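The structure appears below as structure tokens.
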Amino acid sequence: MSEQVHLTAYFERIGFSGSIAPTLATLEALHALHPASIPFENLNPLLGLPVELDQASLEQKLIHDRRGGYCYEHNMMFMRVLRELDFKVTGYAARVLWNHAEGEERPLSHMVLGVEAGGALYLADVGFGSMTLTAPLRLRAGIEQETPFARYRLVGESPSYRLEAEVQGAWKAVYAFDLVERTYEDFVALNAATYPNFANMLAAARTDRDFRYSLRDFRFSTYPREGGELERRFLTSVPEVREVLSETFGINLPPAELLDPAIERLLAERPPEST
């Protein structure tokens, strides 16, 4: 399996032109630009198409086809890019806690990264949908850390941590992970296990300089960075969904003969007001 990384194409895709030295400043710049340019989306599972994690497939889909993907695609590519830049990067598996009851047993279904920069270890994650980090976090428990869109903290102690985000003045669990290195084969297996979870829903997310955009089935939300009110509306037709996916999330859409029937099916199964 070839893992050759074409940095120039990746940099053009995310609009990066800064220093490529393996420093915290470089990591922060890449971490901000990636989720602003390459959206989170689950159209392949929705359409019954494969999700491949080899580098050639990721570059074709996320870079050349100007699509997006979910966590394994984003963070696998980001890991390989960072390693190509001589960062030391480790892939970890996480249990998603977001929007799940406290104490609920959760499977491993997410990928995050540990990145060494400036003599310290950072948590990097460019693929968690509507709560995707927009900056790396110092992998240290007990401190509150500001990012452009939210305040986060890590709870626990090595090797087990839980990431929490402050939401409307309260701390909410995002995911839990252990500092246990996972292999490519591990993530391929987790991807295969997680894939069915995305086959009967529509999800997209992107975070640019001023707004965080989120689509869950037909509920479209816009979160402003600098205060202001959350805007939310329900999409009610195939053309409306296509327009938001294309214009707001920047997705080069799959052929209409594949995508439109899938959207129509979801509209029939779960009316927008129920999402």
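Predicted, not measured: the structure shown is a model, and the values here were computed from it.
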message: Would the distance check show the side chain of R225 and the main-chain N or O of F211 forming a donor-acceptor pair, the cut-off being under 3.5 Å?
response: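 Side chain of R225 to backbone of F211, a donor-acceptor pair under 3.5 Å: no, none is there.
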
Who passes salt bridge (Lys or Arg N to Asp or Glu O under 4.0 Å) against [X], sequence neighbours left out?
X    : result
R138 : none
D65  : none
R242 : D260
E84  : none

- prompt: Is it true that L108 and M76 fall in one hydrophobic cluster, defined by side-chain heavy atoms closer than 4.5 Å?
  reply: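 Shared cluster, yes.
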
message: Test: side-chain hydrogen bond (donor to acceptor under 3.5 Å, both in side chains). Region: residues 245-259. Which pairs qualify, not counting sequence neighbours?
response: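 Every candidate side-chain hydrogen bond (donor to acceptor under 3.5 Å, both in side chains) pair involving residues 245-259 fails, so no pair, neighbours aside, qualifies.
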
- prompt: Does anything in residues 23-33 pair up under side-chain hydrogen bond (donor to acceptor under 3.5 Å, both in side chains), and if so which pairs, sequence neighbours excluded?
  reply: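 Found T23-T26.
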
Using side-chain hydrogen bond (donor to acceptor under 3.5 Å, both in side chains) as the criterion, list what pairs up with [X], not counting sequence neighbours.
X    : result
N197 : none
E144 : none
N42  : none

query: Does the gap between the ring centers of F249 and F40 come in under 6.0 Å?
result: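 When the ring centroids of F249 and F40 are compared, they turn out to be at least 6.0 Å apart.
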
State whether a side-chain donor-acceptor pair under 3.5 Å links [X] with [Y].
X    : Y    : value
H34  : Y10  : yes
N191 : Y70  : yes
T183 : D186 : yes

- request: Only counting residues at least two apart or in another chain, list the ones meeting side-chain contact (heavy atoms from CB on, under 4.5 Å) with A9.
  value: H6, I63, H64

- line: Residues at least two apart in sequence or cross-chain that pass side-chain contact (heavy atoms from CB on, under 4.5 Å) with L47, listed by chain then number, are L49, P254, L258, L259, A262

query: Under the salt bridge (Lys or Arg N to Asp or Glu O under 4.0 Å) rule, what pairs show up with a residue in residues 109-136, not counting sequence neighbours?
result: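 Checked against salt bridge (Lys or Arg N to Asp or Glu O under 4.0 Å) - neighbours excluded - the pairs reaching residues 109-136 are K88-E116.
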
